[in-house]
Amino acid sequence: VTTTTVTVTGMTCGHCVEAVRTEVGRLDTVRSVDVDLDSGLVTIESDAPLDSAAIRAAVDEAGYELVP
Ligand SMILES: [Cu+2]
């Protein structure tokens with residue numbers, strides 16, 4: 001299992017958290033997604049290393065942005 005941590009900006013409530021969790025959770029091999037609303041920290045566990053562009057696209061799809 002690989003753990004990837006990214007920071008997402010723009011989330012303001014539980015719905016935002018759910019949106020990010022759902023979209024990122026759709027990525028290949030992802031097992032779990034943990035989102036901390038206060039810090040914007042998103043911790044992703046997956047069976048294979050994730051492509052950062054794919055994570056960015058998923059976060060974008062949810063309506064938020066990755067902090068570079
Ligand atoms: Cu929200």
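Order of listing sets the numbers, starting from 1, for every ligand and every atom in it.
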Next on the checklist: Show the nearest heavy-atom pair for residues Tyr64 and Val8, with the distance to one decimal.
Outcome noted: CB-CG1, 3.6 Å
Item to check | Minimum-distance pair of heavy atoms, taken over all atoms of Leu50 and Asp28 | outcome: CD2-O, 3.7 Å
Checklist outcome for this item: Minimal heavy-atom distance between Val42 and Val20, with the atoms involved, is CG2-CG1, 4.2 Å
Next on the checklist: Using every non-hydrogen atom in the two residues, find where Met11 and Gly40 come nearest and quote the distance to one decimal.
Outcome noted: CE-CA, 3.8 Å
Checklist entry - Protein N, O or S atoms less than 2.8 Å from the Cu ion (ligand 1), ignoring waters? => result Cys13 SG, Cys16 SG
Item to check | Residue pair Ala62 / Ala19: nearest heavy atoms and the distance that separates them | outcome: CB-O, 3.7 Å
Checklist entry - Side chains of Arg26 and Thr22: does their closest heavy-atom pair fall under 4.5 Å? => result yes
